[in-house]
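Below is one structure; the comments refer to it alone.
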Amino acid sequence: MVRRFVEERCQGRTISRLKVIDEGILDGIGKEALVRSVQGRRIVAVKRHGKQLFLELSDGVLTVHLGMTGDLLMLNRKERTPSHVRVLIILEDGTRLAYDDPRKFGAIGIASSANEFVTERRLGPDALQISSKEFVERAHSSRRAIKSVLLDQHVLAGVGNLYADEALYQAKVHPLTPANELSNPILKKIWARTRQVLRISINVSTDFSKLPGGFLLRSRVAGGPCPLGHGRLQAIKVGGRTTIFCPNCQRII
DNA sequence: TTTCATGTTCAGCA
DNA sequence: GTGCTGAACATGAA
């Protein structure tokens, strides 16, 4: 939804200026070099691969990752900039695309192309692009917990912690199950649920209260009720990440 | 005051 | 090579 938002508001427009307010979020490029790389360029297209956003310019690509708390906002020329804006992209008419990120876990940089960036970072196929066949192959070759596999951006790109929990809840698979012990039909189900969860979340702009009933994301709280009414949710750590699941719906290993 | 958190990367170890 | 853990990053919220 961020991609769509930026596409609607910025595609086809020209960047007249770029202002770096906090250099901490620049990734592998200095302030001056970044400014030189974007100023006067037109935003030709807005693309996404996993969690990575690409603003394709008339020459080169601006790469944007929102980290955990990042956001992109449009501000008109008079609005004052919110307190955690790190970079401002000023368009020719004075409106501004603001990169806002309190925790500064995100990153902005430059690449020669989106493909080059994906290859260099060794990102896996996008979670919404990968075929069920390739997903099954990739997942099946790992002995790690299925949740860790879903979260591994080198296996497939785009699944975050919350979405991995949701997909496994929907597929009724315990998050600690070793991926290679899952049958092909179950892996296909996980693949299908994962894309469904991502699609629906994009459609409701990650406003989880708008999700249909039976979604874990609506009330993902340890000790809270299972959305399908099958007991209480439990919290564990998988690969260092908080994992919430229903021990009744998602059978143990 | 303390703990935890939607992400990524790296060091250290089995 | 595989895979796990913990730490680091910086800040707000509970």
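In what follows, every heavy atom counts, from backbone to side chain, and hydrogens, waters and symmetry copies are set aside. Letters A, B, ... are given to chains in the order of the sequence lines, protein chains preceding strands, and every chain is numbered from 1. Keep in mind that this is a model prediction, so the values were computed, not measured.
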P atoms of B:dT3 and C:dG6, separation to the nearest Å: 16 Å
C1' atoms of C:dC4 and B:dT6, separation to the nearest Å: 22 Å
Polar side chain donor-acceptor pair, A:R193 to A:Q196, under 3.5 angstrom: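 There is such a pair (donor and acceptor under 3.5 Å, judged by atom type) between the side chains of A:R193 and A:Q196.
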Opposite nucleotide pairing with B:dA11, Watson-Crick or G-U, both atom distances under 3.5 Å: C:dT5
Base-pairing mate for C:dA10 - Watson-Crick or G-U, with both contacts under 3.5 Å: none
Do [Y] and [X] meet the salt-bridge criterion of a basic N to acidic O distance under 4.0 Å?
X	Y	value
A:R36	A:E32	no
A:R77	A:D93	no
A:D27	A:R121	yes

For [X] and [N], give me the distance from atom [atom1] to atom [atom2], rounded to whole Å.
X	N	atom1	atom2	value
A:L150	C:dG3	CG	P	15 Å
A:M68	B:dC4	CE	P	13 Å
A:D101	C:dG12	CG	C1'	12 Å
A:D100	C:dT11	CG	P	13 Å
A:Y163	B:dG7	OH	P	9 Å
A:I236	C:dT5	CD1	P	11 Å

Heavy atoms from C-beta onward define the side chain here; which of [options] lies closest to that of [X]?
X	options	result
A:H65	C:dG12, B:dG7, C:dT2	B:dG7
A:K104	C:dG3, C:dA10, B:dG7	C:dA10
A:R103	C:dG12, C:dA10, B:dT6	C:dA10
A:H154	B:dT6, B:dT8, B:dT9	B:dT9
A:R144	B:dT8, C:dC4, B:dA5	C:dC4
A:R241	B:dT9, B:dT6, B:dG7	B:dG7
A:T242	B:dA5, B:dT6, B:dG7	B:dA5

Minimum-distance pair of heavy atoms, taken over all atoms of A:I43 and A:C10: CB-O, 3.7 Å
Under 4.0 angstrom between A:K237 side-chain N/O and B:dA5 OP1 or OP2: yes
Stacked pair A:F105-C:dC9, distance under 5.5 Å, angle under 30°: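 By the stated criterion, A:F105 and C:dC9 stack.
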